[in-house]
Amino acid sequence: MTKLKFYIPLLLAILLLPLLTSASHAARSAKKQIVAETRLSSPAQVLELKHWSNPDYTRISIALERDVIWESHELDKGAGRSGKPGRIFIDLHNAKLGNSTRDITIGDGLLKGVRAALYKPGVVRVVLDTDNIRDYKIFPLSDPARLIIDVRGERRTEISQLENSLTNRVQEPPPAPKSDRITKPVKKQPALSKIRRIVLDPGHGGHDPGAVGHSGLQEKDIVLSIGLKLREKIKDELGLDVVMTRSTDIFIPLEERTAIANKVNADLFVSIHANAAPNRNAAGIETYYLNLAKTEKVAQLAAKENGTSLEKVSTLQAILFDLMANYKLNDSAHLAEEIQKAIYKTAKAKYPDTKNLGVKQGPFYVLVGASMPSILTEVGFLSNTIEEAHLKDPSFHDLTADGILDGIRAYITSLK
Ligand SMILES: [Zn+2]
């Protein structure tokens with residue numbers, strides 16, 4: 001098993017080498033282009049510093065007016081405990097501070113805070129004052145431009161024990177009435193599974209409608225309806241804690257959705273979407289986990305879901321291997337298989353023509369940096385007239401929620 005785990009990335013690397021090479025090439029040319037743009041234009045504003053954190057994970061987002069060239073450095077390496085970085089700084093070139101940029105105080109045990117200042121004309125230096133961190137990753141996202149820093153620490157036992165006891169307390173049934181307690185002893189809860197909390201992520205929202213069907217039906221509304229139904233089903237039938245990235249029609253940036261899942265220590269992350277394609281005959285259900293796109297079609301879908309261009313998807317592909325260090329690849333593939341199988345089975349029972357497009361891999365922003373098994377499911381095509389009619393129907397939302405629920409249940413059962 002250990003060997004297999006070791007060989008899978010190697011095998012993938014060999015198989016995907018042509019794609020990866022072209023992606024690196026694209027990254028290089030993208031970088032050149034950014035340099036050219038940077039030279040020509042006035043300094044880009046650093047708009048905002050944001051953070052999401054828990055004691056073993058912190059995500060920082062630096063919102064920028066546009067893409068900039070950046071470089072990162074570590075200061076006082078070895079000064080911190082056991083040779084860990086003492087301070088991290090990032091220089092943003094051809095940049096200036098926006099009027100509303102404020103330093104942030106964090107104090108979560110990983111980072112003391114983050115501050116930004118003009119280091120020299122045209123260079124903004126962002127400094128992360130570290131406390132005790134294990135590793136970190138820095139990566140850019142586009143449209144809108146932002147730089148993301150994911151910082152991770154060691155899992156501390158006392159914290160996970162505290163959390164366990166808190167979750168157990170939440171899940172304990174209310175005490176039975178006194179008279180009952182004498183005759184019927186309170187049934188002992190079965191041993192809790194490894195999965196205690198699920199984050200559901202209905203895609204898009206607010207000013208971002210996602211895919212739009214010919215009748216004007218919007219992806220953001222369908223996936224929210226499915227997500228809300230699924231939340232109730234998971235609570236009722238599996239007795240698990242559910243956190244929604246959004247439960248109303250609001251816009252949440254993609255990096256914040258993943259950050260929410262990490263912050264609440266979710267055990268599974270399920271992002272719900274509806275598809276669209278230029279070919280109006282395209283139809284069916286497909287489920288993704290994070291990896292390089294193997295086909296142009298997948299890269300195009302990722303560009304659409306990431307709200308960015310195909311070129312930016314190539315840039316992300318070039319650095320994806322490095323970003324996947326903490327991604328639960330095998331577990332995510334397994335979760336994707338169970339969910340895909342169950343949604344398809346449920347949909348086919350009512351609509352026998354339903355197509356199973358299977359489990360695929362793609363570079364979706366919303367899955368990058370997720371610490372838990374995480375997938376993105378596309379429950380049908382809004383661009384297809386027949387499927388658009390299904391997607392309009394609330395009973396289809398219910399059916400799809402049942403399918404995802406069955407998939408999650410099957411995944412949990414398989415862990416026992
Ligand atoms: Zn979508």
Side-chain angles (χ1 to χ4, degrees), residues 141-144 199-231 244-261 269-280 282-291 293 295-310 312-313 316 332 335-336 339-340 343 347 357-370 374-384 387-388 390-392 396-397 400-401 403-404:
L141 298 180
S142 296
D143 305 310
V199 167
L200 297 180
D201 174 45
H204 315 277
H207 65 76
D208 171 16
V212 180
H214 294 276
S215 72
L217 187 64
Q218 300 187 335
E219 179 185 353
K220 66 169 184 175
D221 297 324
I222 301 161
V223 296
L224 179 59
S225 164
I226 295 171
L228 292 173
K229 287 176 192 294
L230 180 56
R231 172 174 68 180
M244 306 286 292
T245 55
R246 68 176 184 103
S247 53
T248 56
D249 184 17
I250 54 163
F251 177 77
I252 311 262
L254 294 170
E255 69 275 17
E256 182 164 348
R257 296 166 189 254
T258 330
I260 291 170
F269 178 77
V270 176
S271 191
I272 309 163
H273 291 257
N275 224 323
N279 171 11
R280 290 185 62 176
I285 299 160
E286 58 191 19
T287 302
Y288 286 87
Y289 60 96
L290 182 68
N291 213 327
T295 66
E296 181 82 5
K297 231 190 237 176
V298 170
Q300 272 163 355
L301 176 68
K304 199 179 290 172
E305 295 294 14
N306 293 347
T308 186
S309 63
L310 207 50
K312 301 289 190 209
V313 170
L316 176 64
S332 298
L335 178 65
I339 288 184
Q340 172 66 19
I343 305 181
L357 302 178
V359 169
K360 297 175 181 177
Q361 309 167 23
F364 295 95
Y365 279 179
V366 76
L367 303 178
V368 174
S374 47
I375 61 104
L376 181 149
T377 184
E378 299 275 356
V379 301
F381 281 74
L382 268 166
S383 46
N384 179 284
E387 293 204 343
E388 187 188 8
H390 297 166
L391 290 164
K392 206 175 217 164
F396 181 83
H397 305 171
T400 306
I404 302 174

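For the single chain, residues carry numbers from 1 onward in sequence order. In listed order, ligands and their atoms are each counted from 1.
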Go through the steps to decide whether Leu254 and Leu141 satisfy the test side chain to side chain contact (heavy atoms under 4.5 Å, CB included), and finish with yes or no. CA-CA 10 Å; Leu254 294 170; Leu141 298 180; 5.8 Å; no
If you count heavy atoms of other groups shown closer than 6.0 angstrom to NZ of Lys304, is the number above 12?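 Yes.
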Among side-chain atoms of His273 and Glu305, is any donor-acceptor pair under 3.5 angstrom?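 Checked: His273/Glu305 side chains pair up, N/O donor to acceptor below 3.5 Å.
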Quick check against the 3.5 Å criterion: does Arg246 have a side-chain atom that pairs as donor or acceptor with the backbone of His204?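 Yes; at least one donor-acceptor contact below 3.5 Å.
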Please state the angle at the Zn ion (ligand 1) spanned by NE2 of His204 and OE2 of Glu219: what is it, rounded to 10 degrees?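 For NE2 of His204 and OE2 of Glu219, the angle centred on the Zn ion (ligand 1) reads 100°.
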Do you know which N/O/S atom name in His273 is closest to the Zn ion (ligand 1)?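 Of all N, O or S atoms in His273, the Zn ion (ligand 1) lies closest to ND1.
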Checking one value in my table: which N/O/S atom of Glu305 lies closest to the Zn ion (ligand 1)?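 Going through the N, O and S atoms of Glu305 one by one, OE1 ends up nearest to the Zn ion (ligand 1).
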When you measure from the Zn ion (ligand 1) to the N, O or S atoms of Glu378, does any of those distances fall below 2.8 Å?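 It does not: Glu378 brings no N, O or S atom closer than 2.8 Å to the Zn ion (ligand 1).
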